Amino acid sequence: MSERVDTMISAEEIARRVKELGAEITRDYKDRNLVLVIILKGSFIFAADLCRAIDLPLRVDFLGVRSYGEGTESSGVVQITNDLSKPISGQDVVIVEDIVDTGLTIAHLMDLFHTRNPSTIKVCSLLHKPVRARVTVKIDYLGFTIEDKFVVGYGLDVAERYRNLPFIGNVLRD
Ligand code: 5GP
């Protein structure tokens with residue numbers, strides 16, 4: 001069986017949109033206490049570009065989460081594999097996600113973070129697959145809405161492969 005990845009969103013389109021998101025966040029968080037909470041592993045490349053598109057002092061922290069095993073279906077169970085390194089109380093949190101699919105991961109993380117008393121909490125996701133939603137989540141900063149295809153690249157994987165592709169695509173198997 002051979003496998004190839006079809007481009008859905010090019011590196012250039014991603015770069016343009018990430019700059020726009022960074023400019024929006026820069027406007028909204030002037031004189032605030034911004035901390036980007038980067039959800040690993042899928043959003044590491046998006047977050048690296050996004051934080052450089054934000055022209056403000058900010059802090060970054062990382063949260064390791066596992067919502068899928070080796071397969072491509074959400075289990076609905078969100079496991080924290082690596083917690084934040086510092087408290088977020090009194091701070092303005094923006095959660096940086098790669099993709100909101102069923103919404104279960106973000107809904108769970110919002111509940112978890114609210115118990116830690118941040119001043120504000122918002123969500124920034126590169127991708128959204130609205131047809132798959134099982135819970136409603138508000139995405140305050142969204143890169144692209146996509147159809148119901150399993151995507152890889154720009155940080156996203158299938159069984160840990162393809163994270164290093166500079167574009168977003170879907171895997172085709174012949
Ligand atoms: P949710 O809880 O919203 O269903 O899923 C969120 C997580 O599932 C994402 O952070 C991502 O890790 C994974 N995920 C959902 N859809 C896709 C997809 O199309 N491709 C990849 N590689 N991961 C996905």
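Atoms within a ligand are numbered from 1 in the order they appear, just like the ligands themselves. If you're wondering where the values come from, they're calculated on a predicted model, not measured in any experiment. Just so it is clear, the values below take in all heavy atoms, side chains as well, and ignore hydrogens, waters and symmetry mates.
- With a 4.0 Å heavy-atom cut-off, ligand 1 is reached by the backbone of Lys149 but not by any atom from C-beta on.
- Between the side chain of Asp157 and the backbone N or O of Arg163, no donor-acceptor pair lies under 3.5 Å.
- Here Asp6 does not pair with Lys149 in a salt bridge; the nearest charged N to carboxylate O distance is not below 4.0 Å.
- For the pair Arg32 and Tyr29, the cation sits on the ring face: its NZ or CZ lies under 6.0 Å from the ring centre, inside 45° of the axis.
- Residue contacts with ligand 1: Val151 is placed with a nitrogen or oxygen under 3.5 Å of a nitrogen or oxygen of the ligand (distance criterion only).
- Defined by atom type and a distance below 3.5 Å, a donor-acceptor pair is present between the side-chain atoms of Tyr154 and Asp49.
- Val158 is listed as a side-chain neighbour of Phe150, based on a closest heavy-atom distance under 4.5 Å.
- Close approach of ligand 1 to Asp98 is summarised as follows: ligand atoms under 4.0 Å from at least one heavy atom of the residue are 9 (C), 10 (O), 11 (C), 12 (O).
- Those atoms of ligand 1 that come under 4.0 Å of a heavy atom in Thr105, given as number and element, are 1 (P), 2 (O), 5 (O), 6 (C).
- Taking every heavy atom of Glu97 and a limit of under 4.0 angstrom, the matching atoms of ligand 1 come to 10 (O).
- Nearest-residue assignment for atom 3 (O) of ligand 1 (options Ala133, Gly103, Ser43; heavy-atom criterion): Gly103.
- Atom CG of Asp55 is surrounded by 12 or fewer heavy atoms from other residues, nucleotides or ligands within 6.0 Å.
- Residue contact check: Asp157 has heavy atoms under 4.0 Å from atoms 21 (C), 22 (N) of ligand 1.
- Contact atoms of ligand 1 toward Lys129: 16 (N), 17 (C), 18 (C), 19 (O) (distance under 4.0 Å to a heavy atom of the residue).
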